[in-house]
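Okay, so here's the structure we're looking at.
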Amino acid sequence: MSAPLYQLKAEFFKTLGHPARIRVLELLSERDHAVAEMLPEVGIEPAHLSQQLAVLRRAGLVVSRKEGATVIYSLTSPRVAELLAVAREILTGVLSGQVELLDEMRASGSASGRAGGG
């Protein structure tokens with residue numbers, strides 16, 4: 001019996017649930033990258049980057065190819081880049097709402113501070 005779709009989605013989002021993997025996918029959304037190019041951008045040890053790339057490969061989100069001694073990674077689908085863009089839009093909206101709320105709280109705090117004769 002196959003897993004329910006919601007369970008598969010949860011596993012998919014768990015795969016995305018690591019900052020290094022998100023950063024790798026962001027880089028690959030721009031263009032294909034060699035491992036050596038990603039290292040300074042992701043900011044983790046080479047062995048750790050290899051592990052994260054392996055997770056993304058097993059999940060079917062990235063593929064690799066060899067060009068001489070260099071391993072080049074790319075996204076398996078442009079839809080991955082679209083997903084990251086949508087996530088960014090959602091986060092921007094959420095954070096904007098939080099900033100507005102914080103501004104309102106500060107404004108009401110200032111107003112009550114003035115009313116109290118401070």
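Because only heavy atoms are used, hydrogens play no part in the values below, and waters and symmetry mates are left out as well, while side chains stay in.
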Inter-residue atom distance [X].[atom1] - [Y].[atom2], 0.5 Å rounding:
{"X": "Leu75", "Y": "Arg31", "atom1": "CG", "atom2": "CZ", "result": "12.5 Å"}
{"X": "Leu49", "Y": "Arg23", "atom1": "CG", "atom2": "CZ", "result": "12.0 Å"}
{"X": "Arg88", "Y": "Ile90", "atom1": "CZ", "atom2": "CD1", "result": "13.0 Å"}
{"X": "Gln52", "Y": "Arg21", "atom1": "CD", "atom2": "CZ", "result": "4.5 Å"}

Are there over 12 heavy-atom neighbours, none belonging to Arg57, within less than 6.0 Å of that residue's CZ? yes

For salt bridge (Lys or Arg N to Asp or Glu O under 4.0 Å), just list the numbers for Arg65 and Glu67, CA-CA rounded to whole Å, side-chain angles, deciding distance to a tenth of an Å, and then say yes or no. CA-CA 7 Å; Arg65 69 181 186 278; Glu67 291 181 4; 3.1 Å; yes

For Leu61, does its backbone N or O pair with a side-chain atom of Thr76 as donor and acceptor, under 3.5 Å? yes

Work out which heavy atom in [X] is nearest to a heavy atom in [Y]; give both atom names and the distance.
{"X": "Glu37", "Y": "Asp32", "result": "OE1-O, 4.3 Å"}
{"X": "Leu28", "Y": "Tyr73", "result": "CD2-O, 3.3 Å"}
{"X": "Ala34", "Y": "Thr70", "result": "CB-CG2, 3.6 Å"}
{"X": "Ser29", "Y": "Leu84", "result": "OG-CD1, 3.6 Å"}

In one Ile/Leu/Val/Met/Phe/Trp/Tyr side-chain cluster, 4.5 Å: [X], [Y]:
{"X": "Val62", "Y": "Leu27", "value": "yes"}
{"X": "Ile22", "Y": "Leu53", "value": "yes"}
{"X": "Leu56", "Y": "Leu83", "value": "yes"}

Intermediate values then yes/no, side-chain contact (heavy atoms from CB on, under 4.5 Å), Ile72 and Lys66: CA-CA 6 Å; Ile72 307 289; Lys66 285 199 94 166; over 6 Å; no

Could you list the donor-acceptor pairs under 3.5 angstrom formed between side-chain atoms of residues 9-16 and any protein atom two or more places apart in sequence or on another chain?
{"residue": "Glu11", "atom": "OE2", "partner": "Lys14", "partner atom": "NZ", "Å": "3.3"}
{"residue": "Thr15", "atom": "OG1", "partner": "Glu11", "partner atom": "O", "Å": "3.1"}

Candidate pair Gln51 and Val55, rule side-chain contact (heavy atoms from CB on, under 4.5 Å), full reasoning: CA-CA 6 Å; Gln51 290 172 343; Val55 169; 5.8 Å; no

